[in-house]
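Pasting in a structure now, in structure tokens, and then I'll have a few things to ask.
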Amino acid sequence: MDVSRRQWLEGLGAGVLAGAAAPLGSPTRAEAAPEEKGIPLKDFEPRSMLHVPETRVPKARFPVIDVHSHLTETTHGDKGVAVGEEVSVWIAAKDALAVMDRKNVQAMVNLTGGHGAGLQKSLAAFDRAAPGRFLTCTEPSYEKFLEAKYPQIQADAIEAAAKAGARGLKILKTLGLYLREQITAGPLIKVDDPRFDPMWEACAAARLPVFIHVADPEAFFLPIDRFNERYDELGFHPDWSFHGRDFPSFQEILAARDRVYARHPKTQFVSLHVGHDAENLAAVGASMDRFPNMTVELGARIGELGRQPRTSRRFFEKYQDRIFFGTDAVPPPEGEKYPQQVFKDELYEIYYRFLETEDEYFDYAPAAVPPQGRWRIYGLGLPEPILKKVYHDNAARLLGLPS
Ligand SMILES: [Zn+2]
């Protein structure tokens with residue numbers, strides 16, 4: 001934290017120097033009153049003095065399908081790559097259902113359901129425990145990547161997972177940012193590596209949508225310095241930085257992703273986190289215009305959407321049939337580490353407030369300090385027909401649920 005304090009003070013110093021209009025003989029910084037000397041950035045929690053309407057939205061106006069949650073996760077990993085079939089269950093189905101019922105969430109898609117025996121465990125814990133309320137996805141078995149017939153093994157595993165009850169395939173940013181030629185060593189594997197072509201095709205054949213997350217916020221690819229708008233967040237999670245070393249650039253990852261979309265037009269790609277580029281809705285829209293098989297989801301990005309409410313509103317109007325509601329919810333206690341994703345009532349209320357109201361300048365996460373960047377958001381006040389599609393109808397169509 002000393003670093004942030006020093007950098008904050010340096011920033012303050014630059015501001016004083018820039019203000020060259022200060023007359024000679026005026027007090028210098030060293031003489032300033034104690035309360036003017038600054039506080040560590042981590043202790044700065046300004047309260048808004050705006051007097052504007054604050055609307056509580058305890059229940060969504062229409063039943064919700066949350067297409068992005070993590071109720072289970074592969075237990076073991078090595079350098080960012082999941083290892084083995086064992087999965088951990090983060091919450092009991094009955095406890096998740098209690099939140100869902102209070103918040104009008106009809107169904108949740110559990111993306112990280114694992115594979116093999118792990119997938120079976122996830123399906124038993126959720127899909128079979130409460131039929132219709134949970135839909136679980138499978139994941140690639142990267143630990144088999146070095147086997148000679150891996151491309152076919154992976155394609156066959158998709159078919160088997162679909163037969164077992166999986167409702168989609170989840171791709172974590174492992175692909176492109178962690179998986180390497182020797183799994184955890186050697187050059188990084190590119191998102192469009194042809195060894196995964198049979199897997200994408202198997203998803204189309206089994207009618208499993210691919211929930212894909214590659215890249216990350218643009219700021220994660222930049223130095224962690226005083227110009228980085230996600231300075232606090234990267235301070236808490238330095239492992240989320242993909243700046244330097246041998247990482248591809250943000251643009252290289254998205255270009256590789258686009259080549260996958262182009263090569264597999266029959267495969268449905270749900271591009272999580274608003275196409276992994278919520279800061280640049282023009283670019284997301286351009287990709288959606290190019291690729292009819294591309295849709296997007298909102299998880300953990302209302303902080304981005306809500307600080308550009310007019311651009312976002314136009315985006316929702318134009319692509320209203322191709323946007324899914326999602327939160328990226330992770331149950332506590334794990335989820336408490338990422339307040340913008342913590343699976344609890346408050347999180348859903350913020351999403352509903354953002355989508356349904358025209359409230360101004362409110363927190364995008366249940367946290368004392370905005371966790372993804374120090375700004376607040378503005379509601380979109382979406383009309384009912386768009387709300388109904390985004391909350392429910394688009395996902396029901398994607399997943400083959402009753403509309
Ligand atoms: Zn996620």
Side-chain angles (χ1 to χ4, degrees), residues 68-91 109-127 135-147 149-162 164-191 193 195-196 198-200 202-203 208-216 220 237 239-240 242 247 253 257 260 269-270 272-273 276 299-300 328-331 334-335 337-338 341:
H68 189 168
S69 73
H70 301 280
L71 307 179
T72 56
E73 190 180 71
T74 299
T75 308
H76 303 292
D78 185 14
K79 299 192 175 78
V81 182
V83 177
E85 298 187 357
E86 191 180 331
V87 300
S88 303
V89 176
W90 291 122
I91 190 170
V109 180
N110 173 33
L111 292 181
T112 35
H115 57 88
L119 175 66
Q120 291 293 352
K121 182 178 170 186
S122 301
L123 289 164
F126 292 100
D127 301 45
L135 307 165
T136 288
C137 295
T138 189
E139 295 174 273
S141 46
Y142 294 122
E143 73 268 18
K144 295 182 184 154
F145 188 62
L146 296 179
E147 293 182 25
K149 293 198 170 129
Y150 174 74
Q152 193 55 46
I153 290 171
Q154 188 57 69
D156 294 345
I158 296 296
E159 195 187 328
R167 303 302 289 270
L169 171 70
K170 163 67 166 161
I171 300 295
L172 294 164
K173 62 193 173 192
T174 309
L175 184 59
L177 288 168
Y178 295 110
L179 181 67
R180 294 171 182 274
E181 278 295 342
Q182 284 81 48
I183 300 181
T184 57
L188 281 164
I189 303 299
K190 294 196 165 43
V191 171
D193 190 290
R195 282 168 282 186
F196 291 100
M199 176 180 77
W200 308 127
C203 287
L208 293 190
V210 177
F211 294 87
I212 184 167
H213 171 191
V214 295
D216 244 340
F220 288 9
H237 307 284
D239 53 315
W240 290 359
F242 300 110
F247 292 121
I253 295 173
R257 178 206 70 177
V260 171
F269 291 97
V270 180
L272 301 170
H273 309 300
H276 351 284
D328 203 0
V330 178
E334 176 69 14
K337 293 184 205 159
Y338 334 103
Q341 295 173 236

Here the gap from Tyr142 atom OH to His115 atom NE2, rounded to the nearest 0.5 Å, amounts to 10.0 Å

All heavy atoms of Leu123 vs all of Ala164, minimum pair found to be CD1-O, 3.4 Å

State whether the side chain of Gln341 and the backbone N or O of Asp328 hold a donor-acceptor pair below 3.5 Å, judged by distance alone.
yes

When rounded to the nearest 0.5 Å, the distance separating CD of Gln120 from OG1 of Thr136 is 11.0 Å

Correct closest heavy-atom pair for His237 and Lys337 would be NE2-O, 3.6 Å

*Just wondering, do Leu111 and Leu272 contact through their side chains at under 4.5 Å, heavy atoms?*
yes

d(Glu139 CD, Ile158 CD1) to nearest 0.5 Å is 10.0 Å

| query | Is the shortest heavy-atom distance from the side chain of His273 to the side chain of His213 under 4.5 Å? | reply | yes

Nearest heavy-atom approach of Gly113 to Val87 is O-CG1, 3.9 Å

The single option from Tyr178, Phe242, Trp240 that satisfies ring-ring contact (aromatic ring centres under 6.0 Å, His included) with Phe247 is Phe242

Exercise. Should the pair Phe145 and Tyr150 be assigned to parallel (<30°), tilted (30 to 60°) or perpendicular (>60°) ring geometry?
Worked result: perpendicular

In this structure, CG of Leu71 is separated from CD of Glu73 (nearest 0.5 Å) by 11.0 Å

Heavy-atom closest pair (Thr184 atom, Asp78 atom, distance to 0.1 Å) is CG2-O, 3.5 Å

* Please examine the side chains of Arg195 and Ile189, heavy atoms only from C-beta on, and report whether any two atoms are closer than 4.5 Å. => yes

Discussion item. Is there a side-chain contact between Leu177 and Ile253 in this structure, where contact means two heavy atoms from C-beta onward sitting under 4.5 Å apart?
Written reply: yes

#### Entry: Sub-4.5 Å side-chain heavy-atom contact between Ile212 and Trp200
yes

Do other residues, nucleotides or ligands put more than 12 heavy atoms under 6.0 Å from the NZ atom of Lys121? yes

One should read off an interatomic distance between Asp127 CG and Leu135 CG, to the nearest 0.5 angstrom, of 6.0 Å

Check your understanding: So, do Thr112 and Thr74 sit near enough that their side-chain heavy atoms are less than 4.5 Å apart?
Key -> no

Between Ser122 and Thr72, the two heavy atoms sitting closest are OG-OG1, 3.3 Å

Is the shortest side-chain heavy-atom distance between Gln154 and Ser141 below 4.5 Å? yes

**Prompt:** Does the side chain to side chain contact (heavy atoms under 4.5 Å, CB included) test come out yes or no for Phe269 and Arg257, once each step is laid out?
**Reply:** CA-CA 10 Å; Phe269 291 97; Arg257 178 206 70 177; over 6 Å; no

Hits for side chain to side chain donor-acceptor pair (under 3.5 Å) against Asp156, two or more places apart or cross-chain, chain-then-number order -> Gln152

Rounded to the nearest 0.5 angstrom, the CG-CG distance for Leu188 and Asp193 is 11.5 Å

Side-chain atoms of residues 165-176: list all donor-acceptor pairs with protein atoms under 3.5 Å, sequence neighbours left out, distances to 0.1 Å.
from, atom 1, to, atom 2, distance (Å)
Arg167, NH2, Leu399, O, 2.9
Lys173, NZ, Asp216, OD2, 2.5

Exercise for the section: Find out whether Phe211 and His68 are in side-chain contact, i.e. whether some heavy atom of one side chain is under 4.5 Å from a heavy atom of the other. Expected result: no

Heavy-atom closest pair (Ile183 atom, Val81 atom, distance to 0.1 Å) is O-CG2, 3.8 Å

| Do any N or O atoms from the side chain of Thr75 and from the backbone of Ser88 form a donor-acceptor pair under 3.5 angstrom? | yes

